[in-house]
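This report concerns only the one structure given below.
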Amino acid sequence: MPLDPRSDRRLRWMSSSTGDSAALEDLDRRMAAFYGESARRYRYQAMLDTREDHPITSDSVASGLLDLIVGSGAGTVLEVGCGNGWLYRKLREKGFGGIYHGVEVARYMIDRNATRHPDAHWSCGTAYEIGLPDGAVDTCFAFYVVEHLVYPERGLREMLRVVRPGRDLILVFPDFAAVGHLASQQTGFSPGRASAKLRRGRLFDAAVSLFDSRCRVRSMLRVARKKVGPFPVNIRPLCLTHPGVIESDVDAVYVASRHEVADWAQDQGLRVEYPFGTEALYHSNAVVRITK
Ligand SMILES: C[S@@+](CC[C@H](N)C(=O)[O-])C[C@H]1O[C@@H](n2cnc3c(N)ncnc32)[C@H](O)[C@@H]1O
């Protein structure tokens, strides 16, 4: 009997650098639609918008990133995957007086940002095709975006291309390999955590979920790079198989790992730093500065 695709818990991970190009292109097309179409994005964006409901605290990852950018004295910055432009507003609040470019795949977000902030530059584009000349910016940054890229390596190359030599690309992303959890991967026969399933009396599903998350997924996350190949992506993320489930990172396809990003950059002869270290908050949230 064919497996109900909604209960499919297999790990469909593939190297985005060397994997099946047709499968990756299909994933890229579907993810672009997920992010780009306003009707589909509405609930997802509503979740992201809540970040601006409270002031950012000085010990938060966002605040640390903004301080780095402002402190670097960058005159021109580019944000890739800028969403609703909230970090642009926060940058200004922190005293950034330079030129800001925001790039985002969702055209309607860009149109909104351009109306709200005509003093900045907004363009619809992708991390793979930024539309700025080589070396155009002092700092390029991407805040929780790399893990959403179907082609992270391509994105890294393009983001570095637009950075002026000697200046920085700063990436913030969840280190799924370090934390041993990938929210876009279904565990058990339905979305959701084992504890929630247990509360609903779905005992078998809860037990399988627990096994999947603690054993199968966690152990695979540790070796994904070796077993699957470079820059592994989940080609069946929950955001596509269960569009009704809108939770953090159900759309994070890249099995993001700071070690992989750092190794890749070092192989290109670039300097890599973790400006806030790799402990506590920064164990699960990687902040990686790559100097060109
Ligand atoms: C988790 S959201 C973060 C958005 C924003 N940085 C924020 O903090 O609100 C991920 C963002 O990456 C964008 N994105 C996804 N794929 C992209 C791509 N290929 N190129 C550029 N941005 C992309 C999405 O549209 C979305 O706005």
Side-chain angles (χ1 to χ4, degrees), residues 16 24-54 56 60-66 69 77-91 100-113 116-117 120 122-132 139-162 169-174 176 182-184 231 233-235 237-240 246-254 256 284-287:
S16 58
L24 292 165
E25 276 164 30
D26 181 57
L27 175 64
D28 191 41
R29 188 182 45 73
R30 296 175 70 201
M31 291 304 291
F34 173 82
Y35 291 120
E37 291 169 11
S38 56
R40 249 198 258 196
R41 185 173 172 128
Y42 183 78
R43 287 180 53 226
Y44 175 77
Q45 188 57 45
M47 175 182 74
L48 296 180
D49 287 348
T50 60
R51 289 181 188 181
E52 224 175 345
D53 291 349
H54 310 283
I56 53 173
S60 67
V61 178
S63 180
L65 168 72
L66 298 173
I69 297 168
V77 304
L78 162 68
E79 180 179 7
V80 173
C82 60
N84 70 5
W86 77 291
L87 285 179
Y88 167 70
R89 293 184 278 285
K90 297 292 176 195
L91 264 177
Y100 171 98
H101 292 265
V103 168
E104 170 56 62
V105 284
R107 178 170 294 284
Y108 84 100
M109 301 283 341
I110 285 295
D111 292 345
R112 247 190 236 174
N113 294 346
R116 186 167 175 189
H117 303 294
W122 305 96
S123 54
C124 183
T126 69
Y128 320 127
E129 216 173 342
I130 288 173
L132 286 176
T139 301
C140 173
F141 69 100
F143 186 76
Y144 297 107
V145 172
V146 170
E147 70 275 23
H148 301 281
L149 299 182
V150 174
Y151 302 103
E153 186 178 6
R154 207 182 279 177
L156 290 173
R157 280 189 205 286
E158 174 67 352
M159 289 188 276
L160 280 161
R161 181 187 68 74
V162 299
L169 167 63
I170 307 176
L171 304 170
V172 178
F173 55 91
F176 297 127
L182 184 68
S184 70
F231 294 99
V233 289
N234 174 12
I235 64 166
L238 274 172
C239 69
L240 299 182
I246 296 293
E247 279 167 22
S248 185
D249 286 339
V250 289
D251 55 327
V253 290
Y254 168 42
S284 45
N285 296 277
V287 179

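Quick caveat: nothing in here was measured; it's all calculated off a predicted structure. Counting starts at 1 for both ligands and their atoms, in listed order. All heavy atoms count here, side chains included; hydrogens, waters and symmetry mates do not.
Ring geometry for Phe143 against Trp86 counts as perpendicular: the plane angle is over 60°, on a 0 to 90° scale with 30° as the lower cut.
With sequence neighbours left out, Val77 forms a side chain to side chain contact (heavy atoms under 4.5 Å, CB included) with Ile69, Ala74, Leu91, Phe96, Tyr100, Thr139, Phe141. In this structure, the salt bridge (Lys or Arg N to Asp or Glu O under 4.0 Å) partners of Asp26, at least two apart in sequence or on a different chain, are Arg29. Arg154 is linked by a salt bridge (Lys or Arg N to Asp or Glu O under 4.0 Å) to nothing, counting only residues two or more places apart in sequence or in another chain.
Considering Arg116, Arg51, Arg89, Arg112 in turn, Arg89 is the only one that fulfils the side-chain contact (heavy atoms from CB on, under 4.5 Å) rule with Asn84.
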Quick check on ligand 1: any N or O pairs to the protein under 3.5 Å? One line per pair.
| unit_1 | atom_1 | unit_2 | atom_2 | d |
| --- | --- | --- | --- | --- |
| ligand 1 | 6 (N) | Gly81 | O | 2.8 |
| ligand 1 | 6 (N) | Phe143 | O | 3.0 |
| ligand 1 | 8 (O) | Arg51 | NH1 | 2.6 |
| ligand 1 | 8 (O) | Trp86 | NE1 | 3.0 |
| ligand 1 | 9 (O) | Trp86 | NE1 | 3.2 |
| ligand 1 | 20 (N) | Ala127 | N | 2.8 |
| ligand 1 | 25 (O) | Arg41 | NH1 | 2.7 |
| ligand 1 | 25 (O) | Glu104 | OE2 | 2.4 |
| ligand 1 | 27 (O) | Arg41 | NH2 | 2.8 |
| ligand 1 | 27 (O) | Glu104 | OE1 | 2.7 |
| ligand 1 | 27 (O) | Glu104 | OE2 | 3.4 |

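Counted by atom type alone, Asp251 and Tyr44 present one or more donor-acceptor pairs between their side chains at under 3.5 Å.
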